[in-house]
Amino acid sequence: MAENTPLPRPQAGPITSQLGRQQREPDYLNGLNPEQRDAVLSVDGPLLVLAGAGTGKTRVLTTRIAHILTTKRAWPSEILSVTFTNKAAREMKDRIGHLVGSSVEGMPWLGTFHSISARILRKHAELVDLKSSFTILDTDDQIRLIKQLLEAENIDEKRWPARQFAGMLDAWKNRGLLPKDVPSHDSDYFANGKGGKLYYDYQARLKALNAADFGDLLLECIRLFRENPDVLAEYHRKFKFMLVDEYQDSNTAQYLWLRLLAQGKPASEANICVVGDDDQSIYGWRGAEVDNILRFESDFPGAKVIKLERNYRSTANILKAASTIIAFNEGRLGKTLFTDIAEGGELVSFTQVYDSEEEARTIGDEIEQYQRQGEDLNSMAILVRASFQMREFEERFITLGVNYRVVGGPRFYERKEIRDALAYLRLVAQPADDLAFERIVNVPKRGIGDSTVKMLMETARSMNMPLLSATRALLETEELKPKQRTTLRSLVAQFDDWAWRAENMQPYQLVENILEESGYMDMLNADKSVESQGRKENLKELSRAMEEFDSLGGFLEHIALVMDRDSADASDAVTIMTLHSAKGLEYNTVFLPGWEDGTFPSQRSMDESGRAGLEEERRLAYVGITRGRKRVRISAAQNRRIHGLWQSAIPSRFIDELPPDAVEVTDKGSAYGGYGYGGGASSRFNKADPFESVYETPGWKRARANQESRKGGGPLTIEGELVARSVDLGGQSSGYALGERVFHLKFGYGEVTHIEGNKLTIDFEKAGTKKVLESFIRKG
DNA sequence: TCGTTCGAAATTTTT
DNA sequence: TTTCGAACGA
């Protein structure tokens with residue numbers, strides 16, 4: 001999707017072979033380079049396409065589909081084409097449409113893993129104990145449900161948070177594990193051995209609610225295929241070709257799912273094509289298994305492997321910086337990007353600033369300067385590691401009056417008001433949706449509090465019926481207090497009315513009626529806070545989005561799986577987003593702030609996943625740099641406020657890994673050097689660095705060896721340069737010795753416990769263990 | 001039942 | 001620093 005720009009793009013790859021062909025080649029092959037062409041034309045048998053950043057991956061995928069279609073090898077409905085995001089799916093649809101003419105009536109099996117699975121499940125729902133109308137729960141519902149289970153089991157929610165269990169569930173499901181498959185040492189951990197039982201209970205509850213969570217969509221689909229070979233065979237016959245995008249991001253469940261669907265033929269003949277880039281695998285923490293892509297050749301013996309390495313996006317300097325950094329990782333399939341684009345180009349810049357505020361100021365100034373030079377704000381982006389870093393930029397842009405847009409954040413359908421509205425709709429469509437019922441019985445406030453809800457739930461449980469039915473039953477008795485009884489009676493009556501109207505009314509009208517009649521709008525109107533205006537607009541947006549749906553059911557399916565963030569507005573604005581959400585995008589100018597050890601690479605990743613975590617962070621750095629077409633500007637702050645505490649920081653170890661000849665270093669922070677320390681108890685640098693000096697890791701040695709053999713360059717000495725500027729300490733050798741007593745202006749006296757270049761770990765008498773730059777201390 | 005107040009926690013998030 | 005959630009009191 002790097003290849004966002006529409007097709008006519010000058011990809012002037014030399015077309016070496018096939019010139020003497022008799023037939024004129026179809027138009028869609030024009031402008032493909034030999035490797036891309038090979039990947040498009042090799043349609044029979046398994047194929048692995050390793051596509052580096054900006055090498056035309058999406059173009060290959062779409063052209064390949066176009067090729068299959070125009071050569072009549074398959075009908076659109078016989079091609080299974082999977083992506084991870086709706087955005088990617090949509091883009092592929094569009095582009096295929098352009099290639100083969102919009103005559104092709106969509107591609108019914110082009111979509112995300114989840115939406116395709118949901119589609120299959122709805123068809124065979126009864127085989128996995130669901131009704132075809134099952135609801136899809138999102139994380140929010142999931143947590144609610146888990147909380148109820150925890151309460152039922154008398155588990156202290158403080159000690160064993162529902163979130164944590166949700167995470168474990170997610171991990172199990174990502175690994176394709178049904179309740180019976182979870183290894184006991186894994187499940188026993190939670191709540192003193194109750195984890196396994198909770199998983200069983202949770203699944204039982206889902207069935208009772210006629211619901212599936214995201215993980216289930218895949219997991220139940222796998223179960224369906226395994227337990228019903230005839231159903232699986234049906235899909236084997238149906239799908240003549242399979243294509244998978246971003247294969248490096250697939251998790252075990254998705255892998256199993258694909259394997260099952262590919263089993264229609266002997267592995268060596270399977271028409272499966274996967275496209276991916278092991279260097280861009282950044283979702284390991286969400287269960288993605290890079291191994292899947294590394295293993296492809298053994299899974300599908302005789303698979304053809306094509307590497308796309310010609311980059312059409314970035315300047316040579318940017319590519320060099322990216323390639324050099326990523327070479328520090330071990331366990332890669334190994335690709336090297338190269339480019340035809342202008343020799344060199346602007347150097348990648350690295351700037352050190354005093355604190356995050358100055359970082360925002362500096363970047364803001366630069367943006368205004370580029371803007372004056374005629375660049376669109378749309379062509380610039382700020383990519384951060386974590387969303388808390390965004391705030392400062394937003395504030396700065398507001399003061400400057402620079403337009404900006406934040407990508408990410410809570411997605412549209414995750415917003416409170418939208419979820420409330422959806423809960424009403426879900427309950428109308430599915431009276432058994434207890435989670436929806438609980439969500440809205442008292443929203444807006446109707447005087448139905450905990451105790452009433454408890455009573456309803458107990459009745460529901462004892463009579464074994466959904467909450468809404470239980471409410472009806474209770475209304476016939478004298479148990480409810482008069483006030484509550486009146487409110488509930490009218491609420492139930494309203495739902496009957498809405499359910500009736502749902503049959504005779506357009507969904508978008510229905511939602512407007514519901515919001516009005518339920519008092520939700522009144523609630524928002526009465527709320528004078530700034531947000532309520534926005535909420536009302538979001539609800540309008542919701543009803544607008546519903547206009548294209550004729551049935552409530554169809555809309556609910558769509559919203560659960562497909563609806564993503566607000567459509568990008570057309571205005572000119574700088575984009576602020578996380579590195580994760582930047583994957584697949586490109587900008588002329590990319591700012592990469594916050595390159596400080598602990599922030600990026602994130603301390604937590606390293607603590608939790610060790611070296612693998614560090615390598616994933618490095619891939620994130622690679623993704624970040626390769627987003628830039630013309631200009632990449634990296635920066636680091638010496639001081640950053642984290643959770644309200646000022647922390648001193650050291651430039652990211654990735655800075656040391658940049659190639660000196662492609663990078664220009666400026667050090668704004670040196671002017672304030674003496675103040676570059678933080679206060680407060682630092683927990684981030686408390687432990688000794690688990691990775692020793694970067695200069696001793698095998699990765700570094702290997703990368704360095706690679707570099708030297710490639711072009712005979714010298715050792716990397718960026719760190720030396722930095723040191724020279726900020727400290728006036730000539731060489732690399734540290735002026736301090738282990739165990740030496742030192743003094744720090746802020747932290748007081750301490751003892752050196754670890755030395756890493758010019759970074760010292762010091763055990764302070766009062767302030768605890770901290771990592772500081774040598775320039776901030778003197779001999780004690 | 002609802003509003004206030006205090007305390008703990010704090011990435012990244014395609015679905 | 002901020003935000004969210006649970007406990008407490010009217």
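A, B, ... follow the sequence lines: proteins, then strands. Residue 1 opens every chain.
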Quick one: which of [options] gets closest to the side chain of [X]?
X: A:S451; options: B:dT1, B:dG3, B:dT12; value: B:dT1
X: A:S581; options: B:dT12, B:dT13, B:dT15; value: B:dT13
X: A:S387; options: B:dT12, B:dG3, B:dT15; value: B:dT12
X: A:E608; options: B:dT11, B:dT1, B:dT13; value: B:dT11

Would you please say whether a donor-acceptor pair under 3.5 Å links the side chains of A:D433 and A:Q430?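 Side chains of A:D433 and A:Q430: no pair found under 3.5 Å.
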
With the stacking rule set at 5.5 Å and 30°, tell me whether A:F84 counts as stacking on B:dT15. no

With centres under 5.5 Å and planes under 30° as the test, does A:H643 stack with B:dA9?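 Given the distance and angle limits, no, they do not stack.
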
What's [X] touching, base or sugar-phosphate or nothing? Going by heavy atoms closer than 4.0 Å.
X: A:T452; answer: sugar-phosphate
X: A:K147; answer: sugar-phosphate
X: A:K481; answer: sugar-phosphate
X: A:F113; answer: nothing
X: A:D138; answer: nothing
X: A:R391; answer: sugar-phosphate

Rounded to the Å, how far apart are [X] [atom1] and [N] [atom2]?
X: A:E394; N: C:dT1; atom1: CD; atom2: P; value: 19 Å
X: A:L150; N: C:dA6; atom1: CG; atom2: P; value: 11 Å
X: A:E157; N: C:dC4; atom1: CD; atom2: P; value: 16 Å
X: A:F388; N: B:dT11; atom1: CZ; atom2: C1'; value: 8 Å
X: A:Q389; N: B:dT12; atom1: CD; atom2: P; value: 9 Å
X: A:I282; N: B:dT13; atom1: CD1; atom2: P; value: 9 Å
X: A:E392; N: C:dT2; atom1: CD; atom2: C1'; value: 14 Å
X: A:D140; N: B:dT13; atom1: CG; atom2: P; value: 17 Å

Give a yes or no on whether the ring-centroid distance for A:W160 and A:F190 is below 6.0 angstrom. yes

Suppose we call two aromatic rings close when their centres sit under 6.0 Å apart. Are A:Y283 and A:W285 close by that rule? yes

Enter the distance from A:L169:CG to A:Q203:CD here, rounded to the nearest 0.5 Å. 7.0 Å

To the nearest 0.5 angstrom, please state how far the CZ atom of A:R485 sits from the OG atom of A:S490.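 Answer rounded to 0.5 Å: 13.0 Å.
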
Would A:R439 and A:D140 pass as an ion pair if we require N to O under 4.0 Å? yes

Can you find an N or O donor on one side and an acceptor on the other, under 3.5 Å apart, linking the side chain of A:R641 with the base of C:dT1?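 Under the 3.5 Å cut-off, the side chain and the base do not form any donor-acceptor pair.
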
Taking for each residue the nucleotide of DNA chain B with the nearest heavy atom, is it A:S602 or A:D450 whose nucleotide lies nearer the 5' end? A:D450

Does a side-chain N or O from [X] land closer than 4.0 Å to OP1 or OP2 of [N], or not?
X: A:K158; N: C:dG5; result: no
X: A:T578; N: B:dT13; result: yes
X: A:Q484; N: B:dT1; result: yes
X: A:N442; N: B:dC2; result: yes
X: A:N86; N: B:dT15; result: yes

Minimal heavy-atom distance between A:P593 and A:I382, with the atoms involved, is CG-CG2, 3.7 Å

